[in-house]
Visitor: 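Please find one structure pasted underneath; my questions will follow.
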Amino acid sequence: MTGKNILQTARVIGIVENKTIVFESELEQDALMDFAVYRQMDSGKSEIAEYVATNANIDEDEENLLKAMIETKTMLYEVIEVNRIDKTIKLKEVLNNSGIFTVVDLGMSETIDENVLIFTRLIHLETFSITSGLIFTFKHEHLEYLKKRSRKMMKKIEAENDSDKRFIAFFKLYRRDGIPFMLEEVK
């Protein structure tokens, strides 16, 4: 990934001013990198898909993980259960009601509370899911507003697929309406 690719990605999500990337928080740096790795580029593939296509020396476990990473999509979830002992969180997808997922996340399980909305990218493995590291948090009482506003925004966003459109919409919504969230370092 080159500096030119990062600058192009920053332009796509709307954080470039006078050829300079402008971050409002440290979380936005992580979000930019997440989008740069997972977004569908002009070639029709993500950086991860390009890596898989050009790398012949991938073992089976790595191949399974990379395949799950290629198939991941961004979505809005409600935190319905936090198990601080097992380091798991149960997330209910709220835009399409497509299911409940058990997520293993050491840092988030220590800091997140139930009834919070999180926008993230889940990577689904055999028996559990993990996040890509991207986490935008919102108040639960903003759910209906987020649904309506994100649909309107997505219609105006030029991107290759709905996951990328959703990312850009929720990035902008987070800048305006998100709640700060920091993961604790687990020792």
Visitor: Students often mix this up, so state it plainly: with edges at 30° and 60°, are the rings of Phe167 and Phe171 parallel, tilted or perpendicular?
Guide: parallel
Visitor: State yes or no: are the ring centers of Phe170 and Phe136 separated by less than 6.0 Å?
Guide: no
Visitor: Look at Glu28 together with Arg175 and state whether they make a salt bridge at an N to O cut-off of under 4.0 Å.
Guide: yes
Visitor: Let me know which of Thr9, Asp164, Asp34 forms a side chain to side chain donor-acceptor pair (under 3.5 Å) with Arg39.
Guide: Thr9
Visitor: With Gln8, which residues qualify under side-chain hydrogen bond (donor to acceptor under 3.5 Å, both in side chains), at least two apart?
Guide: none
Visitor: Give a yes or no answer on whether the side chain of Glu93 reaches the backbone of Asn96 with a donor-acceptor pair at less than 3.5 Å.
Guide: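 Yes; at least one donor-acceptor contact below 3.5 Å.
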Visitor: Should Met108 and Ile89 count as side-chain neighbours, where that means a heavy-atom distance under 4.5 Å?
Guide: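 The answer is yes; the side chains approach within 4.5 Å.
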Visitor: Tell me the closest heavy-atom pair linking Thr111 and Arg84, and the distance in Å.
Guide: N-NH1, 3.8 Å
Visitor: Go through Leu125 and Thr127 one step at a time and tell me if the side-chain contact (heavy atoms from CB on, under 4.5 Å) criterion holds.
Guide: CA-CA 6 Å; Leu125 303 171; Thr127 58; over 6 Å; no
Visitor: Say whether Val104 and Leu65 are linked into one hydrophobic cluster, either directly or through other cluster members, by side-chain heavy-atom distances under 4.5 angstrom.
Guide: yes
Visitor: Indicate yes or no: at least one non-hydrogen side-chain atom of Thr120 is less than 4.5 angstrom from one of Met75.
Guide: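 No, their side chains stay 4.5 Å or more apart.
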Visitor: Between Leu7 and Met41, is there shared hydrophobic-cluster membership here, with clusters defined by ILVMFWY side-chain heavy atoms closer than 4.5 Å?
Guide: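 No; tracing contacts between hydrophobic side chains, which count when under 4.5 Å, never links both residues.
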Visitor: Measure from the side-chain N and O atoms of Arg121 to the backbone N and O of Lys73, and report whether any donor-acceptor pair falls under 3.5 Å.
Guide: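 No, because the side chain of Arg121 does not come within donor-acceptor range (under 3.5 Å) of the backbone of Lys73.
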Visitor: Does atom CD of Glu126 have more than 12 heavy-atom neighbours, drawn from other residues, nucleotides or ligands, at distances under 6.0 Å?
Guide: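 It does not: Glu126 CD has 12 such atoms or fewer within range.
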Visitor: Tell me if a side-chain donor or acceptor on Thr72 pairs with a main-chain N or O of Met69 at a distance below 3.5 Å.
Guide: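 Not confirmed, Thr72 side chain does not pair with Met69 backbone.
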Visitor: Do Lys92 and Tyr77 come close enough that some side-chain heavy atom pair is under 4.5 Å?
Guide: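 No, side chains not in contact.
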Visitor: When you group the ILVMFWY residues by side-chain heavy-atom contacts below 4.5 Å and let the links chain together, are Phe23 and Leu134 in the same group?
Guide: yes
Visitor: Does any part of the side chain of Ser150, heavy atoms only, come nearer than 4.5 Å to the side chain of Leu173, both counted from C-beta?
Guide: yes
Visitor: With a cut-off of 6.0 Å (strictly less than), are more than 12 heavy atoms of other residues, nucleotides or ligands near CD of Glu158?
Guide: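 Open.
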Visitor: Taking Glu144 for its side chain and Leu146 for its backbone only, find out whether a donor-acceptor pair lies under 3.5 Å.
Guide: no
Visitor: Pick out which of Thr137, Leu76, Val103 makes a side chain to side chain contact (heavy atoms under 4.5 Å, CB included) with Ile118.
Guide: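 Between Ile118 and the candidates, side chain to side chain contact (heavy atoms under 4.5 Å, CB included) is satisfied uniquely by Thr137.
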Visitor: Without swapping roles, check the side chain of Asn18 against the backbone of Thr20 for a donor-acceptor pair under 3.5 Å.
Guide: no
Visitor: Going by atom types only, do Gln40 and Ser46 share a side-chain donor-acceptor pair under 3.5 Å?
Guide: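 Side chains of Gln40 and Ser46: no pair found under 3.5 Å.
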Visitor: Side-chain heavy atoms nearer than 4.5 Å, only ILVMFWY residues, links allowed to pass through others: does that put Val116 and Tyr174 together?
Guide: yes
Visitor: Main chain of Leu122, side chain of Ser129: is a donor-acceptor contact present, judged purely on distance under 3.5 Å?
Guide: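 Side chain of Ser129 to backbone of Leu122, a donor-acceptor pair under 3.5 Å: no, none is there.
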Visitor: I want to check something: taking the side chain as every heavy atom from C-beta on, are Asp105 and Ile130 in contact at a cut-off of under 4.5 Å?
Guide: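 Answer no - side chains too far apart.
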Visitor: Other residues, nucleotides and ligands only: do more than 12 of their heavy atoms fall within 6.0 Å of NZ on Lys139?
Guide: no
Visitor: Report yes or no: do Phe119 and Ile80 belong to one cluster of Ile/Leu/Val/Met/Phe/Trp/Tyr joined by side chain heavy-atom distances under 4.5 Å?
Guide: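 Unlinked, Phe119 and Ile80 end up in two clusters.
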Visitor: How many angstroms lie between atom OG1 of Thr88 and atom CG of Leu91, to the nearest 0.5 angstrom?
Guide: 10.0 Å
